[in-house]
Amino acid sequence: MTSIALFNNKGGVGKTTLAYHLAHMFQRLGLRVLAVDLDPQSNLTAMCLDETELEELWEDSSELIEQGVAHRALPATGRVGPGQTIADAVRPILEGTGDIRPVHPAAVAPGLWLLPGSLELSRFEDKLSNEWFKTYAGDLAAIRTTTAFHRVIQGAAGEVDADIVLIDIGPNLGAINRASLLAADAVLMPLAADLFSLKGLRNLGPTLRNWRRDWQQLILPRVPGNIPAPRAVMRPLGYVIMQPEMRLDRPVKAYARWLERIPWVFGTAVLGQETASSSDRTYEIATLRNYRSLMPLAHDARKPMFDLRPADGALGSTQKYVQTCFREFRLLAEAVLSRVEERETPTS
């Protein structure tokens with residue numbers, strides 16, 4: 001099982017949309033997929049579930065837990081049940097009443113499950129931040145807190161026998177994202193060709209390397225064997241360029257200028273290369289065109305853009321656009337899987 005975090009500390013680049021569509025395309029390719037929503041904004045969860053399901057999912061879990069209701073099995077549909085979010089899983093740690101509580105992934109489609117997010121997850125930020133430095137001393141409670149996401153994800157992935165886990169996280173370098181990224185084997189970065197994305201990469205790269213070094217060298221050796229802990233590999237798989245909607249006030253030349261800088265910034269900031277080149281596009285996985293015209297239809301139909309049919313309003317030339325979307329996401333999914341396999345194959 002491989003876990004991939006989709007991350008950029010600059011928001012608005014289509015990260016959640018990319019996670020949602022990759023999850024569905026991986027499922028189309030025959031993989032068993034677990035999507036994990038570790039962004040407190042819970043946009044991925046909102047894309048996967050309708051309002052009725054969200055209302056049931058986000059019922060007052062604290063009261064349900066006291067009644068023992070939240071521990072019940074999921075409804076017969078296998079979709080959602082109260083008290084089954086990532087926030088519910090870490091609530092005992094947050095409230096000081098115990099360790100993580102297993103939650104059941106929600107079935108989104110055959111072979112695709114969701115570990116739902118919750119707006120309440122933001123309450124866990126301060127707890128994670130306060131416990132981080134205690135892990136350096138081997139404090140067991142702090143280690144259980146910091147490894148909570150990893151252990152919840154491992155439990156959920158084991159329950160559905162997942163081949164691949166996609167982790168959607170928010171656009172910042174806070175404590176929730178640090179714990180989320182520690183649980184990832186690889187990191188896929190969606191980018192826009194603009195100043196803000198490049199500035200984000202310059203902040204992101206050194207931070208990831210510092211977190212990886214501190215965890216692997218200073219903290220992991222102090223973790224007792226009875227606490228499952230991540231290896232914090234966080235291997236950069238590469239980046240996906242999300243094309244913007246071209247505006248008259250944003251000339252094509254400006255887009256091209258930032259586009260040319262991405263390989264060098266990625267090489268120096270993320271990979272730590274001293275001799276990075278602006279012509280080396282080894283880590284550029286794909287460029288996805290802007291599908292903004294399809295998004296409203298997909299939202300109303302509650303399905304991926306590449307699954308839209310004439311009955312969903314995708315008529316005439318729009319249906320051809322849907323077919324193009326399917327081809328692009330299939331090629332992207334295959335390219336990501338190829339990179340995962342390349343980096344998992346031992347070299348002689």
Side-chain angles (χ1 to χ4, degrees), residues 3 5-11 15-16 36-45 58 61-62 85-101 103 115-156 167-185 187 189 199-224 227-234 269-270:
S3 57
L6 286 88
F7 181 57
N8 187 331
N9 64 315
K10 190 268 182 185
K15 170 184 58 63
T16 300
V36 180
D37 192 351
L38 289 178
D39 183 352
Q41 295 185 50
S42 305
N43 290 326
L44 180 60
T45 301
W58 290 338
S61 301
S62 58
T85 73
I86 190 72
D88 297 305
V90 300
R91 188 188 301 275
I93 293 179
L94 179 62
E95 298 180 347
T97 59
D99 201 357
I100 58 169
R101 182 177 64 82
V103 295
L115 192 52
S118 170
L119 301 177
E120 292 187 8
L121 186 60
S122 58
R123 296 174 54 210
F124 202 43
E125 184 85 37
D126 288 344
K127 179 71 171 178
L128 285 167
S129 181
N130 293 336
E131 298 292 272
W132 173 252
F133 290 101
K134 297 179 184 178
T135 61
Y136 290 91
D139 184 279
L140 293 182
I143 290 172
R144 288 193 178 94
T145 299
T146 306
T147 61
F149 290 158
H150 167 75
R151 293 183 290 129
V152 172
I153 292 171
Q154 290 293 307
I167 307 172
D168 186 36
I169 56 182
N172 62 70
L173 294 172
I176 284 179
N177 284 0
R178 176 173 56 204
S180 303
L181 286 162
L182 290 176
D185 298 317
V187 182
M189 301 175 190
K199 182 64 175 176
L201 279 183
R202 290 190 176 99
N203 294 333
L204 167 63
T207 302
L208 284 183
R209 293 200 302 275
N210 289 339
W211 287 346
R212 182 189 301 114
R213 181 201 62 217
D214 287 358
W215 183 263
Q216 293 180 347
Q217 297 180 12
L218 304 178
I219 300 173
L220 192 56
R222 302 178 186 275
V223 178
I227 300 179
R231 295 176 298 156
V233 178
M234 294 186 284
V270 178

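As a basis for the values below, the full set of heavy atoms in this structure was taken, side chains included, without hydrogen atoms, waters or symmetry mates.
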Considering all heavy atoms of both residues, which atom of [X] and which atom of [Y] are nearest to each other, and what is their separation?
| X | Y | answer |
| --- | --- | --- |
| I143 | P224 | CD1-CD, 4.2 Å |
| R101 | D88 | NH2-CB, 3.1 Å |
| A5 | A184 | CB-CB, 3.7 Å |
| A183 | I167 | O-CD1, 4.4 Å |
| V270 | M189 | CG1-CE, 3.7 Å |

Separation of [Y] [atom2] from [X] [atom1] (nearest 0.5 Å):
| X | Y | atom1 | atom2 | value |
| --- | --- | --- | --- | --- |
| L6 | L38 | CG | CG | 12.0 Å |
| N9 | R202 | CG | CZ | 12.5 Å |
| E125 | N130 | CD | CG | 10.5 Å |
| N8 | N172 | CG | CG | 11.5 Å |
| L220 | T147 | CG | OG1 | 10.5 Å |
| L121 | D39 | CG | CG | 8.5 Å |

Under 3.5 Å: donor-acceptor pair, side chain of [X], backbone of [Y]:
| X | Y | answer |
| --- | --- | --- |
| S180 | I176 | yes |
| S42 | S118 | yes |
| S3 | D185 | yes |
| R151 | I100 | no |
| N177 | G174 | no |
| W215 | P230 | yes |
| R222 | D139 | no |
| K15 | D168 | no |

Around R231, counting heavy atoms of other residues, nucleotides and ligands shown, do more than 12 lie under 6.0 Å from its CZ? no
Is there a side-chain contact between [X] and [Y] in this structure, where contact means two heavy atoms from C-beta onward sitting under 4.5 Å apart?
| X | Y | value |
| --- | --- | --- |
| H150 | L182 | no |
| E95 | R123 | yes |
| I219 | T146 | no |
| V103 | L115 | yes |
| I93 | F124 | yes |
| D37 | P116 | no |
| L173 | L204 | yes |

Apply the test side chain to side chain contact (heavy atoms under 4.5 Å, CB included) to residues T145 and K134: give CA-CA distance (whole Å), side-chain angles for both, the deciding distance (0.1 Å), then the verdict. CA-CA 10 Å; T145 299; K134 297 179 184 178; over 6 Å; no
Less than 4.0 Å between a side-chain N and a carboxylate O, is that true for R144 and E131?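 No, no charged N to carboxylate O under 4.0 Å.
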Chi angles and distances behind the side chain to side chain contact (heavy atoms under 4.5 Å, CB included) call for V90, F149: CA-CA 8 Å; V90 300; F149 290 158; 4.0 Å; yes
In terms of ring plane angle, is the pair Y136 and W132 parallel, tilted or perpendicular, where the classes change at 30° and 60°? perpendicular
